Each structure stands twice: as C-alpha cells, then as structure tokens.
Number of protein chains: 2
Amino acid sequence: MRCWEEFHLNGYYNTSMQKLAAATGLQKAGLYHHYPTKEDLMRRVMEFAQEQFRNYVLSVATELDLPPEQRLEKLLRRHKKLATLHRRGCFFANIALETGREGLFNEALKTGMMDWADAVSRILSEYMPADAAQREALRLIMEYEGAVLFYKLTADEQHLEDFIHRAVANLKQASEHSSSIKQA
Amino acid sequence: MRCWEEFHLNGYYNTSMQKLAAATGLQKAGLYHHYPTKEDLMRRVMEFAQEQFRNYVLSVATELDLPPEQRLEKLLRRHKKLATLHRRGCFFANIALETGREGLFNEALKTGMMDWADAVSRILSEYMPADAAQREALRLIMEYEGAVLFYKLTADEQHLEDFIHRAVANLKQASEHSSSIKQA
DNA sequence: ACTTTTACCGACCGTTCGGTAGGTAAGTGT
DNA sequence: ACACTTACCTACCGAACGGTCGGTAAAAGT
C-alpha cells in the first residue's frame, strides 16, 4: 500500500488525501470510493502495516534453526532496514507520538508494539524466565525507539548499529549466565 | 509561553496559528505582528522550551549537595512531571518524530537532546570514566524516550516509574563497582 | 505639542483541507 | 438485451489553513 509509505514519511496530519490519492495514482474522489474517511483509511493502513511488520520482521523470531542471538540480530536488522529507508523511522512510534494523546489509533498501535515485544520476548525466553524475558523485551524496544529518535535527528545510523550490538551482547551474556546455572 | 503548551499538546502540524492566537488571547494578526511565520514562532518556542528545560530539569545535575543517585532520580522525576502533565510526553521527541525527516528544527532539537545527555553524563561521570558516562547517558535517554512512547500509548505511568527505578538501580550498581575498584 | 513607533484588531487574500454530488464507462448477472 | 454494480472521474462544497492589509489607539521620543 502506497498510502502506508506516505503516512510513514510525513505523519498523519501532514499527509492530505490529495497526496494519498496522487501516491496511489487515483483522484481524491476515487480514494474516497474505497475508504469513507481519512481516519478509516489510516486504520486500514495500520492493519496492513501490522501484517507487513509481522511477516517481514516478527516472523524472524520463529526461525528456530537460528540460535537466539542471531535471530535477535536478524530481527533488529530488519527493523533497522525499515527505519532507515528514506529515514522514516518507526511507523508505529511516529504515529504514536503524533496522535497518542487524542488516542485515535492507540489500540492498533498498542497491539503493534505488543506483538513486537512478544516476538522479542520469545527469543529472550530461551535464556531467561518468561517474566524476565518479557520485561527485558519491553526495555529493549524502548531503547530501540530512542535510538530511532536519535537517528531521525542526526541521520546517523550508528545509533541504531550501537543499539543492535548492545542488545546482542546483552543476550550473549544472558546465555552464558543461563548455561552456567544449568551446569550447577 | 502558552504557544509552547499548544505545540507540546498537539504537535506542529496539528496546531494552527488560529489556535495559537486564541491560546495567547491575541488575534491571529496580532500574533503575526510578533512572529513573521509559523516556523519562526516555533523556533522561538523551541528556544524558550530549551531554556525552561535547562532551568527546571537539567539544573538538578549541578545540585552538588545531593549524591549522584538522588540527583539522577530527581532529574528524571522532574522530566516525568513535564511528560505526564496532560499526557504530553517529551516535547523534543514529539517534534523530532513529527518533523525530523524534513529537518526544519533538527538543529535546535539536537542541542536540546545533547544538553540533556550532557547533564545526565555529568552525574554518571562521578562513578565511571567520562566516555562511558557519555555513552550510558545517551543510552538512558533513549530508553527513557521509549518509556515515554509507551506511556503515551497506554497512559500507564508505570512505564516511566519502572524506567526511573532501573536507571537509579544501575547507577547504584556502578557506584559500588567504582568504589570497589578504588579500594583495590 | 506633535511625531513616530508599538501593539494590536477586523476583514480579507489565495490555497488547501476533508469530504460530497453527479456522471461515465467498464464489467457482471441474468 | 438489459439492469445493476463497481470503479473511477470532474467539479464542487464550506471550513480552515498560513499569511497580509489598512487602520486604530495607546505609549514613547523629542
């Protein structure tokens, strides 16, 4: 969906139906034929984004042939690819900070973030108890979103790269810790 | 400045000169008498925000009568107060994600974030080398901004509270580590 | 005293906003 | 064959947008 790109690039309020129509090759009224309001269109876009996100990023969490560290890195690197394309950042975070107070799309955004946390948590839980994995997954995502913020401000991908290194190193440390416990 | 509140609450694009004028008690043309364009007004607002931020939040970093842990906690709690008031979140982060790609205000936003990182770094550097303190300060702010994101989505202050606990606990651990090195 | 500047207003500009009305041309069902 | 639906268009709506205009009334300068 081209509309996704537009919203991702320019945010909700700074994207007009005119622009969205142009991006799809339709006229504005043609777009309104398919979606009754801008808000409805955005809701559809968000469902689509969640689906893409699940298929392209979160699916990595269940590639059980890879060891957890590599799965985590691969997952994060896929997300980084989405974020650095046209320096868009994270779609969910962009919209969340823009519309979070009014809460127009909070339910969808929340589930998007929670799906993500669950996927990361599933990876981490191989090296730590489920509740610790869940907490750490949430923390990792928070740190990542902050890194994306700095990336958007500075255009310096190093912030994202550093984060990935930190996350993977942390997981390795947790893995050593868990295996030493098993040994004991 | 009442304009700050408006931009903080509703973002840049979703705040019209009409609303800003109403918030200040002026008419629109009266507002244009003081600021030639919306962009210029926003730039002034950002300077003002930085100044307030420095005076109210970052100044805590140099209250040398408090131990570092308490200084960090006080600083973070002050920021939390700003963020939870009307559930606005972090002004810099809101505007950064909304306008970061076009880069209209990136310079000011960057210095705002870097001032912040410097203030936190100054606190941390009492327990660790300067370069490590700087890295850790940046990391803490990233994690904090992520926590604010989740707070905006869920309206649950616990995300911020948990972050503060983590940050202070981390610093305490670093303090013990540094004192054990000094003993050796 | 009088001139100039400052702060502000109501009214208005052209443009764009989200959204609608009415029409057309290509399928689709029967 | 003919009705009906679908997909899309041009043209338009009132409201709101960022921004400007000419004027006024109070303050400041001299």
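Predicted model only: the values in this text are computed from it and were never measured.
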Colleague: Checking all strands, does Leu26(B) fall into the base, sugar-phosphate, or nothing category for heavy-atom contacts under 4.0 angstrom?
Modeller: sugar-phosphate
Colleague: Let me have the donor-acceptor pairs involving side chains of residues 71-82 of chain B, under 3.5 Å, with sequence neighbours excluded, atom names and distances please.
Modeller:
residue	atom	partner	partner atom	Å
Arg71(B)	NE	Leu66(B)	O	3.1
Arg71(B)	NH1	Ala61(B)	O	3.0
Arg71(B)	NH1	Glu126(B)	OE2	3.1
Arg71(B)	NH2	Leu66(B)	O	3.4
Arg71(B)	NH2	Glu126(B)	OE1	3.4
Arg71(B)	NH2	Glu126(B)	OE2	2.6
Glu73(B)	OE2	Arg77(B)	NE	3.3
Glu73(B)	OE2	Arg77(B)	NH2	2.8
Lys74(B)	NZ	Glu63(B)	OE1	3.0
Arg77(B)	NH1	Glu161(B)	OE1	3.3
Arg77(B)	NH1	Glu161(B)	OE2	2.7
Arg77(B)	NH2	Glu161(B)	OE2	3.0
Arg78(B)	NH1	Tyr56(B)	O	2.8
His79(B)	ND1	Tyr144(B)	OH	2.8
Lys80(B)	NZ	Glu157(B)	OE1	3.3
Lys80(B)	NZ	Glu161(B)	OE1	2.5

Colleague: Please identify each residue that fulfils side chain to side chain contact (heavy atoms under 4.5 Å, CB included) with Ala132(A), with sequence neighbours left out.
Modeller: Met128(A), Pro129(A), Arg135(A)
Colleague: Output all residues satisfying side chain to side chain donor-acceptor pair (under 3.5 Å) with Glu47(B), sequence neighbours left out; order by chain, then residue number.
Modeller: Arg44(B)
Colleague: Looking at residues at least two apart in the chain, or sitting in another chain, which of them share a salt bridge (charged side-chain N to carboxylate O under 4.0 Å, His left out) with Glu136(B)?
Modeller: Arg139(B)
Colleague: Measure all distances between protein nitrogen or oxygen atoms and nitrogen or oxygen atoms of nucleotides 13-15 of chain C, and list the pairs falling under 3.5 Å.
Modeller:
none

Colleague: By side chain to side chain contact (heavy atoms under 4.5 Å, CB included), which residues pair with Ala96(A), not counting sequence neighbours?
Modeller: Leu109(A), Leu149(B), Leu153(B)
Colleague: How many angstroms lie between OG1 in Thr99(B) and CG in Asn10(A), if you round to the nearest 0.5 Å?
Modeller: 11.5 Å
Colleague: Side chain to side chain contact (heavy atoms under 4.5 Å, CB included) between Met17(B) and Tyr35(B): does it pass, once the steps are laid out?
Modeller: CA-CA 11 Å; Met17(B) 291 301 275; Tyr35(B) 311 96; 5.7 Å; no
Colleague: Side chain to side chain donor-acceptor pair (under 3.5 Å) with Lys28(A): which residues, sequence neighbours excluded?
Modeller: none
Colleague: Can you list the residues that meet the ring pair (Phe, Tyr, Trp, His ring centres under 6.0 Å) rule with Tyr32(A), with sequence neighbours excluded?
Modeller: none
Colleague: Parallel, tilted or perpendicular: which one describes the rings of Tyr12(B) and Phe7(B), with boundaries at 30° and 60°?
Modeller: parallel
Colleague: Look at Gln27(B) and dG10(C) and indicate whether a side-chain polar atom (N or O) is within less than 4.0 Å of OP1 or OP2.
Modeller: yes
Colleague: Between residues 32-39 of chain B and DNA chain C, which residues have a heavy-atom gap below 4.0 Å?
Modeller: His33(B), His34(B)
Colleague: Tell me, which of residues 2-22 of chain B have any heavy atom that sits under 4.0 Å from an atom in DNA chain C?
Modeller: none
Colleague: Assess the pair Phe53(A) and Phe91(A): is the distance between their ring centroids shorter than 6.0 Å?
Modeller: no
Colleague: What parts of residues 95-103 of chain B reach DNA chain C, counting only heavy atoms under 4.0 Å away?
Modeller: none
Colleague: How would you list, by chain and number, every residue that makes a ring pair (Phe, Tyr, Trp, His ring centres under 6.0 Å) with Tyr13(A), sequence neighbours excluded?
Modeller: none
Colleague: Measuring only between side-chain heavy atoms, which start at C-beta, is Gln50(B) closer than 4.5 Å to Arg54(B)?
Modeller: yes
